[in-house]
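A short worksheet on the structure shown next.
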Amino acid sequence: MKLLKERTKSKLLLGLQALDKRMYLSSSDKNYLLNLEKGYAGEELFDAIVKKNLTNDCLVMNDLLLISGGNSFQIDSLVMTTDALHIYEIKNYKGNYQFSAGQLLTLTGQEIVSPVTQISRSKTLMKDMIKEFGSGLTVKSFIVFVHPTFSLYLAKPTDPFILPNQIEKHLNELNQHNISLTKKQRLAAEKIVREHKTEVPYQKYLPDYDLNNLKQGLFCPKCSGAALKITKSYAKCSDCSYSMATYDLIVGHIMDFKLLFPNEKVTTRKIYQWCGGKINPRKIRRILIKAFEKEGKTSATYYL
């Protein structure tokens with residue numbers, strides 16, 4: 001198994017996490033953030049299972065945003081084996097659900113946005129996209145439920161679901177396709193990755209915020225607490241005991257600033273204020289010089 005495209009947090013998730021440390025999020029924004037975090041955790045869980053169990057010659061591509069015939073579609077995970085492209089829509093639902101008349105429902109009858117419609121659309125658009133590649137691959141699609149407490153009632157064996165206790169068995173079945181990928185198939189996978197588009201503008205989905213109204217300071221990347229003990233080399237959170245290199249902590253805060261304020265020039269002074277005045281400006285300057293590209297001279301210096 002070769003990982004052709006890594007999974008990373010979306011800019012929308014990163015932006016909401018950065019704002020959550022520095023301002024009050026409304027209940028709807030907070031729920032949105034929690035759902036994004038839950039979804040990403042499920043995707044990471046699936047990635048770990050794939051890495052452990054998928055051993056044959058195949059290519060894995062994660063987090064794809066593609067366009068086919070003018071229509072955009074997203075794929076959580078795509079696995080190319082010698083006989084097919086396998087599309088996986090990953091769901092981190094927990095608890096009991098039922099599948100009735102093509103609709104996913106809670107046991108109390110509450111409808112969930114249909115992942116079946118979503119995966120069917122992705123399958124159709126992917127088929128159209130790869131026609132010109134000449135890879136000879138078919139396209140298969142699955143909805144994977146990764147949370148160990150998830151249960152689904154009334155589904156048929158022919159429905160496109162993989163339940164938590166079926167994931168390893170499914171991947172072991174893929175391992176039976178032990179013929180090596182052809183050069184044409186590898187080129188097709190590389191073409192798919194090249195077709196990946198950057199994210200749609202994320203800022204319009206963030207709540208309104210202003211630099212002057214956000215909390216300034218240093219925050220733990222794990223629990224978001226502000227009780228950090230900073231030394232020359234390391235920082236440790238008094239709330240959750242998480243520790244990290246001071247360099248990594250500051251670079252993370254600079255990346256938050258660049259994400260939230262893409263039109264602001266990154267200067268030593270701005271980052272000093274962004275970090276709540278808790279880091280010596282000379283140290284901030286050294287980190288900026290090491291981690292980013294320097295532009296300008298003297299007082300007009302900024303970093304890309």
Side-chain angles (χ1 to χ4, degrees), residues 5-26 29-30 32-34 36-37 39-41 43-44 62-65 74 196-226 228 230 232-235 237 242-304:
K5 184 179 180 299
E6 299 271 1
R7 186 184 309 283
T8 57
K9 289 183 180 181
S10 69
K11 289 184 177 179
L12 178 57
L13 173 53
L14 290 171
L16 283 171
Q17 287 179 327
L19 289 176
D20 189 40
K21 302 169 188 173
R22 298 176 179 270
M23 65 178 282
Y24 171 79
L25 294 182
S26 68
D29 288 329
K30 188 69 173 180
Y32 189 26
L33 169 59
L34 292 174
L36 289 176
E37 290 178 329
Y40 188 76
E43 292 165 2
E44 286 192 309
N62 294 323
D63 276 340
L64 292 167
L65 176 59
Q74 291 181 291
H196 169 69
K197 308 301 179 185
T198 55
E199 294 179 49
V200 294
Y202 60 93
Q203 284 190 301
K204 67 179 181 179
Y205 297 105
L206 294 175
D208 292 334
Y209 59 92
D210 182 86
L211 179 57
N212 296 322
N213 295 328
L214 294 181
K215 294 178 184 177
Q216 312 294 299
L218 295 172
F219 302 91
C220 174
K222 184 175 182 180
C223 74
S224 300
L228 289 173
I230 312 293
K232 181 179 179 180
S233 301
Y234 291 94
C237 178
Y242 181 75
S243 62
M244 71 226 82
T246 303
Y247 174 88
D248 294 335
L249 176 69
I250 303 307
V251 169
H253 280 64
I254 296 170
M255 295 304 295
D256 283 351
F257 183 88
K258 288 169 65 68
L259 179 70
L260 294 175
F261 303 100
N263 297 322
E264 287 279 347
K265 288 185 176 180
V266 176
T267 66
T268 300
R269 181 179 179 182
K270 287 179 181 176
I271 299 304
Y272 173 75
Q273 294 171 339
W274 182 246
C275 294
K278 296 182 178 181
I279 302 295
N280 188 295
R282 289 192 297 273
K283 186 176 184 68
I284 291 175
R285 186 179 298 110
R286 288 196 298 269
I287 291 174
L288 285 168
I289 290 172
K290 183 176 181 180
F292 301 91
E293 183 180 347
K294 183 179 178 181
E295 292 287 335
K297 296 181 179 180
T298 63
S299 61
T301 298
Y302 62 97
Y303 301 85
L304 301 177

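Keep in mind that this is a model prediction, so the values were computed, not measured.
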**Request:** Go through Y40 and L36 one step at a time and tell me if the side-chain contact (heavy atoms from CB on, under 4.5 Å) criterion holds.
**Result:** CA-CA 6 Å; Y40 188 76; L36 289 176; over 6 Å; no
**Request:** Say whether, by atom type as modelled, one donor and one acceptor occur between the side chain of K283 and the main chain of K232 under 3.5 angstrom.
**Result:** yes
**Item:** R269 side chain vs P281 backbone, donor-acceptor pair below 3.5 Å
**Value:** no
Which value, rounded to the nearest 0.5 Å, describes the distance between [X] atom [atom1] and [Y] atom [atom2]?
{"X": "E43", "Y": "N62", "atom1": "CD", "atom2": "CG", "result": "8.0 Å"}
{"X": "L304", "Y": "E295", "atom1": "CG", "atom2": "CD", "result": "4.5 Å"}
{"X": "T267", "Y": "R285", "atom1": "OG1", "atom2": "CZ", "result": "10.0 Å"}
{"X": "L12", "Y": "Q17", "atom1": "CG", "atom2": "CD", "result": "10.0 Å"}
{"X": "L206", "Y": "D29", "atom1": "CG", "atom2": "CG", "result": "8.5 Å"}
{"X": "S26", "Y": "L33", "atom1": "OG", "atom2": "CG", "result": "10.5 Å"}

**Message:** Using the side chain to side chain contact (heavy atoms under 4.5 Å, CB included) criterion, which residues pair with E6? Sequence neighbours excluded.
**Reply:** L3
Which atom names give the shortest non-hydrogen contact between [X] and [Y], and what distance separates them?
{"X": "L228", "Y": "C220", "value": "CD1-N, 3.8 Å"}
{"X": "L65", "Y": "T198", "value": "CD2-O, 3.4 Å"}
{"X": "D63", "Y": "K5", "value": "O-NZ, 2.9 Å"}
{"X": "L13", "Y": "E37", "value": "CD1-CG, 3.7 Å"}
{"X": "M23", "Y": "D208", "value": "CE-O, 3.7 Å"}
{"X": "T246", "Y": "A235", "value": "OG1-N, 3.7 Å"}

Answer whether the closest heavy-atom distance between the side chains of [X] and [Y] falls below 4.5 Å.
{"X": "L211", "Y": "L260", "answer": "no"}
{"X": "Y202", "Y": "L259", "answer": "yes"}
{"X": "P221", "Y": "M244", "answer": "yes"}
{"X": "I289", "Y": "Y303", "answer": "yes"}
{"X": "K21", "Y": "D256", "answer": "yes"}
{"X": "L218", "Y": "I279", "answer": "yes"}
{"X": "N213", "Y": "Y209", "answer": "no"}
{"X": "L288", "Y": "T301", "answer": "no"}

**Request:** Specify whether H253 and F219 have parallel, tilted or perpendicular ring planes, treating 30° as the upper limit for parallel and 60° as the lower limit for perpendicular.
**Result:** parallel
**Asked** Y302 and F292: aromatic ring centres closer than 6.0 Å?
**Response** no
**Message:** Using the salt bridge (Lys or Arg N to Asp or Glu O under 4.0 Å) criterion, which residues pair with E264? Sequence neighbours excluded.
**Reply:** K270
**Request:** Please indicate whether Y272 has more than 12 foreign heavy atoms, meaning atoms of other residues, nucleotides or ligands, lying under 6.0 Å from its OH.
**Result:** no
**Prompt:** Just wondering, more than 12 heavy atoms not from K11 lying within 6.0 Å of its NZ?
**Reply:** no
**Request:** Start with the C-alpha gap between K30 and D20, add the side-chain angles, then the distance that decides, and say whether salt bridge (charged side-chain N to carboxylate O under 4.0 Å, His left out) holds.
**Result:** CA-CA 8 Å; K30 188 69 173 180; D20 189 40; 2.8 Å; yes
**Request:** Please assess Q216 against W274 for the test side-chain contact (heavy atoms from CB on, under 4.5 Å), listing each intermediate value before the final yes or no.
**Result:** CA-CA 5 Å; Q216 312 294 299; W274 182 246; 3.9 Å; yes
**Asked** Is there a side-chain contact (heavy atoms from CB on, under 4.5 Å) between L214 and F261 once you walk through the steps?
**Response** CA-CA 12 Å; L214 294 181; F261 303 100; 3.8 Å; yes
**Request:** With side-chain contact (heavy atoms from CB on, under 4.5 Å) as the test, would you mind laying out the steps for I287 and I254 before giving the verdict?
**Result:** CA-CA 10 Å; I287 291 174; I254 296 170; 4.3 Å; yes
